[in-house]
Trainee: 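Below you'll find the structure I mean.
Ligands are counted one by one from 1 in listed order, and the atoms in each one are counted from 1 as well.
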Amino acid sequence: MLVVMQPNASAADIEKVCDEIVRQGFKPLPMPGAVRTAIGLLGDDAQVDWSYIEGLPNVANVLIVQKPYRQASREWKNENTIVEIAPGVRVGGSDVVVFAGPCSVESEAQILASAHAVRNAGAHALRGGAFKPRSSPYAFQGLGLEGLKLLALARNETGLAIVTEAMDERGADMVAEYADCIQIGARNMQNYSLLRHVGKLGKPVLLKRGMAATINDLLLSAEYVLSEGNPNVILCERGVRTFDSATRNLFDLTAIPVVQKLSHLPIVADPSHGTGLRDKVTPMARAAVAAGADGILVEVHPTPDKALSDGAQSLYPEQFTELVRQLRLIAGAIDRELAPTPPMPAA
Ligand code: PEP
Ligand code: MN
C-alpha cells in the first residue's frame, strides 16, 4: 500500500498518517519527492483499514499495490488448480470440459432426455437448475428437492457429473447432498454469507460472475470460499450488463486471459447467458474455447420452444452435437483436447 499526500501536505499531516499506520500495527516508510511525499507501508497489508487513512487531512489517494485477494492469486499459488468435480471430470488441466443441460429441471422425461442427448453429443457434466433465481416471483421457480432427485437419477443413468445452483444456505446443504458441484449464480456472487457457507461444505463450487461485477470482485468472492478451506472453485464468465440491448449481456471473453494471468483457478465460459440468443451461442462458445476457457457451459433443451425458462437461448440437441464436434477441433488447434466422456454407470 502506498499513501500519496497532496503537494501542500504539512509535516504534521505526514506524521498523522505515519502515526495511524503504526497504530494499525505496520511500519510507515515516508518517501519525500520533489513535489509531494508518498508513504509506503511495510508488512502484510490485507488487514489495513485504508479508507480511514484516505480520509486523513491532505491525503491525495491510497494505492493498493498488493492484490486484495490472497489465496485466489497467482502470487499465492503459481500452478493451475485442477478441480475434479467427479471421478475423471477435471476442470483446469489441459482438457476442456463441457457442461450442458436445460436451464431448469422440469420433469423426469425432460431431464433424462436432456442428459442422454448431451452425453451422446460429448458433454461431461449435466447442468440444470432445481432452484431457479427468476427475475419475476411469478415465473417458474424450479422443482426444488424433487429436481435434485431427478438430477441424481440422470447421473445414475448417464454417468454425467451433476452441477446445479444453490440460492441460499439451506438449499446449498440439499444441493451438496445430491450434486457433484454447487453453482453460485450471478445474482448471488456477492452473497458473502452463502459463499462462506459453501466454502465449508467441501463440494466443488462453480462461481458465476455477477452481472455488474468486476474481475476483482469475482476473485474476491472466490476468496470467500477459499478462505473457508475449500480450494475447489471454478470461475465462470457469463457476461455483464451494459447499455446495449442487442444481446442479453455483454459476454466478456477478455475476462478469460485476464483471470488466467491473475489467478490459478480454472475459468469456464457461459455463452448462453452471455448472449441470451440461440444463434449467438455457437460462435461465442467456439470463441471462448479459442480464448483458452477451461470449459463451456451451454443450455440445451430437448424442446427449447416449450422450455419453462431460457428457451430462447437453449440449443436444440442437434445444434449442440455440431457445436461439440467443432469445439473438439478448436481445442486441438490450441494443443488441448475435450475431456474424455465419463464411463456409463454399470447396469
Ligand atoms: C443459470 O445458470 O441458469 C443462471 C440463472 O445463470 P446466471 O446466474 O449466470 O444468470
Ligand atoms: Mn438459464
Side-chain angles (χ1 to χ4, degrees), residues 85 97-106 110-111 114 118 123 125-137 139-144 147-148 151 161-168 171-172 175 179-191 194-195 198 204-213 215 217-218 221-222 233-242 247-253 255-256 267-278 280-281 284-285 288 293 295-316 320:
I85 60 171
V97 175
V98 178
F99 303 75
C103 181
S104 302
V105 181
E106 299 169 4
Q110 176 253 15
I111 199 64
S114 303
V118 300
L126 176 66
R127 201 214 61 119
F131 299 103
K132 293 305 304 176
R134 306 303 302 281
S135 302
S136 164
F140 176 60
Q141 305 285 307
L143 297 179
L148 295 180
L151 286 167
I162 300 296
V163 182
T164 192
E165 179 163 355
M167 297 199 320
D168 53 31
V175 167
D180 299 295
C181 178
I182 307 172
Q183 175 176 319
I184 300 297
R187 290 156 191 78
N188 271 313
M189 188 208 82
Q190 283 168 309
N191 183 339
L194 180 60
L195 294 174
V198 296
V205 174
L206 176 77
L207 176 63
K208 298 188 88 175
R209 181 180 183 179
M211 51 190 87
I215 289 168
D217 295 334
L218 174 64
S221 289
V233 178
I234 302 165
L235 305 169
C236 179
E237 165 58 39
R238 50 75 74 203
V240 290
R241 284 255 167 107
T242 66
T247 52
R248 181 174 178 178
N249 289 297
L250 183 71
F251 188 42
D252 179 11
L253 279 185
I256 294 162
I267 179 159
V268 303
D270 170 359
S272 301
H273 296 87
T275 65
L277 299 159
R278 184 179 304 126
K280 313 290 183 294
V281 172
M284 297 318 289
I296 286 292
L297 193 159
V298 178
E299 288 189 339
V300 183
H301 195 289
T303 48
D305 310 325
K306 297 192 183 129
L308 297 183
S309 59
D310 284 349
Q313 67 191 33
S314 299
L315 295 187
Y316 291 90
F320 178 66

Trainee: For atom 6 (O) of ligand 1, what is the closest protein heavy atom, and at what distance to 0.1 Å?
Mentor: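 Heavy-atom neighbour on the protein nearest atom 6 (O) of ligand 1: K208 NZ, 3.0 Å.
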Trainee: Can you pull out the closest protein heavy atom to atom 8 (O) of ligand 1? Residue, atom name and distance to 0.1 Å, please.
Mentor: A186 N, 2.7 Å
Trainee: Output yes when a side-chain donor or acceptor of D310 lies under 3.5 Å from a complementary backbone atom of C103, and no otherwise.
Mentor: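 Checking the backbone N and O of C103 against the side chain of D310, no donor-acceptor pair under 3.5 Å is found.
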Trainee: Around the Mn ion (ligand 2), what protein N, O or S atoms are found below 2.8 Å?
Mentor: C103 SG, H273 NE2, E299 OE2, D310 OD2
Trainee: For the pair Q110 (side chain) and S104 (backbone), establish whether a donor and an acceptor sit closer than 3.5 Å, ignoring hydrogens and angles.
Mentor: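 Flag set: sc Q110 to bb S104 pair under 3.5 Å.
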Trainee: Below 4.5 Å, heavy atoms only, C-beta onward: do K280 and P271 meet side chain to side chain?
Mentor: no
Trainee: Record the part of M211 in heavy-atom contact with ligand 1 below 4.0 Å; permitted values are side chain, backbone, both and neither.
Mentor: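 Looking at M211 and ligand 1, no heavy atom falls under 4.0 Å.
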Trainee: List the closest protein heavy-atom neighbour of atom 4 (C) of ligand 1: residue, atom name, distance to the nearest 0.1 Å.
Mentor: H273 NE2, 3.4 Å
Trainee: Going by the atom numbers of ligand 1, which of them fall below 4.0 Å from some non-hydrogen atom of Q183?
Mentor: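 By the 4.0 Å cutoff, the relevant atoms are 1 (C), 2 (O).
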Trainee: Distance under 4.0 Å to a non-hydrogen atom of E299: what atoms of ligand 1 satisfy this?
Mentor: 3 (O)
Trainee: I need the full list of salt bridge (charged side-chain N to carboxylate O under 4.0 Å, His left out) pairs touching residues 126-136, with sequence neighbours left out, sorted by first then second residue.
Mentor: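 Sorted result for residues 126-136: R127-E299.
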Trainee: Compare all side-chain heavy atoms of I234 with those of V268 and state whether any distance is below 4.5 angstrom.
Mentor: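 In contact.
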Trainee: Could you list which atoms of ligand 1 come closer than 4.0 Å to a heavy atom of R238?
Mentor: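 Under 4.0 Å from R238, ligand 1 has these atoms: 7 (P), 9 (O), 10 (O).
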Trainee: Go through the structure and list residues passing side-chain hydrogen bond (donor to acceptor under 3.5 Å, both in side chains) with D168, not counting sequence neighbours.
Mentor: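 Applying side-chain hydrogen bond (donor to acceptor under 3.5 Å, both in side chains) to D168 gives none.
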Trainee: For R127, is the nearest heavy atom under 4.0 Å from an atom of ligand 1?
Mentor: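 Heavy atoms of R127 do come under 4.0 Å of ligand 1.
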Trainee: Is it true that a side-chain atom of E106 and a backbone atom of L308 form a donor plus acceptor pair closer than 3.5 Å?
Mentor: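 Yes; judged by distance alone, with no hydrogens or angles, the pair exists.
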Trainee: For the 3.5 Å polar cut-off, considering only N or O atoms, please tell me whether P133 and ligand 1 meet it.
Mentor: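 No - when backbone and side-chain N and O of P133 are compared with those of ligand 1, no distance drops under 3.5 Å.
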Trainee: If you measure every N/O of K132 against every N/O of ligand 1, is any gap under 3.5 Å?
Mentor: yes
Trainee: Tell me whether T247 contacts the main-chain N or O of N249 through its side chain, where contact means a donor paired with an acceptor under 3.5 Å.
Mentor: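 Flag set: sc T247 to bb N249 pair under 3.5 Å.
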Trainee: Going through the checks in order, is the salt bridge (charged side-chain N to carboxylate O under 4.0 Å, His left out) test met by D252 and R209?
Mentor: CA-CA 10 Å; D252 179 11; R209 181 180 183 179; 2.8 Å; yes
Trainee: Please list, in number order, the atoms of ligand 1 under 4.0 Å from a heavy atom of G185.
Mentor: 8 (O)
Trainee: List the residues meeting side-chain hydrogen bond (donor to acceptor under 3.5 Å, both in side chains) with N188, not counting sequence neighbours, and say none if there are none.
Mentor: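 N191.
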Trainee: Any side-chain to backbone donor/acceptor pair from R241 onto L250? Under 3.5 Å, distance only.
Mentor: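 Pair absent, no side-chain N/O of R241 close to backbone of L250.
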